[in-house]
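The structure appears below as structure tokens.
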Amino acid sequence: MRDLHWLPIRKRIAFKISLLTFKALHGQSPPYISELITPYTPYRTLRSSTQNLLKAPRRRPRTAYGRRSFAEAAYKEWNNLPLHVRLAPSINVFKAQLKTFLFNQ
């Protein structure tokens, strides 16, 4: 699969979730998707304020089914990406950097 530049299934799912999150943060997705994620903004100036992180969902899921929700998965996948991927200037650059990151994991 590596010769064909295909990601394994789990990494392909992570790619899709991260791409949808990028689109939601940049206003390129439907409003019902954008409403599920909240950017992290601390109350005072911290180093993490420039990290482009997501806030954890308000209600933490109690079941395995709830942990697979988009809000929970987007929060985990997005915050695990390196900073240079999260701060990509365009969707094409983001996809290229994300795929490279996932291949190198």
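Computed over heavy atoms, backbone and side chain alike; hydrogens, waters and symmetry mates excluded. The structure presented is a predicted model; accordingly, all values stated were derived computationally and were not measured.
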**Non-hydrogen side-chain atoms of Tyr32 and Leu36 separated by less than 4.5 Å** =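 Tyr32 does not reach Leu36 side chain to side chain.
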**Request:** Evaluate the side-chain proximity of Phe101 to Gln105: yes if any heavy-atom separation is below 4.5 Å, no if none is.
**Result:**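 They are in side-chain contact.
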Within this structure, what is the [atom1]-[atom2] distance for the pair [X] and [Y], rounded to the nearest 0.5 Å?
X: Tyr75; Y: Asn80; atom1: OH; atom2: CG; answer: 9.0 Å
X: Ile13; Y: Leu102; atom1: CD1; atom2: CG; answer: 12.0 Å
X: Phe70; Y: Thr21; atom1: CZ; atom2: OG1; answer: 4.0 Å
X: Phe103; Y: Lys99; atom1: CZ; atom2: NZ; answer: 5.5 Å
X: Leu25; Y: Ile37; atom1: CG; atom2: CD1; answer: 4.0 Å
X: Lys95; Y: Ser90; atom1: NZ; atom2: OG; answer: 9.5 Å

**Prompt:** In terms of hydrophobic clustering (I, L, V, M, F, W, Y; side-chain heavy atoms under 4.5 Å; direct or indirect links), are Leu87 and Val93 co-clustered?
**Reply:**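 Cluster IDs for Leu87 and Val93 differ.
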Looking at [X] and [Y], what are the two nearest heavy atoms and their distance?
X: Gln97; Y: His84; value: OE1-O, 2.9 Å
X: Ser34; Y: Ala24; value: OG-O, 3.5 Å
X: Arg86; Y: Asn79; value: NH1-O, 3.5 Å
X: Ile17; Y: Ala73; value: CD1-CB, 3.8 Å
X: Leu54; Y: Trp78; value: CG-CD1, 3.5 Å

**Request:** Could you tell me how the ring of Phe22 sits relative to the ring of Phe94: parallel (under 30°), tilted (30 to 60°) or perpendicular (over 60°)?
**Result:**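 Parallel.
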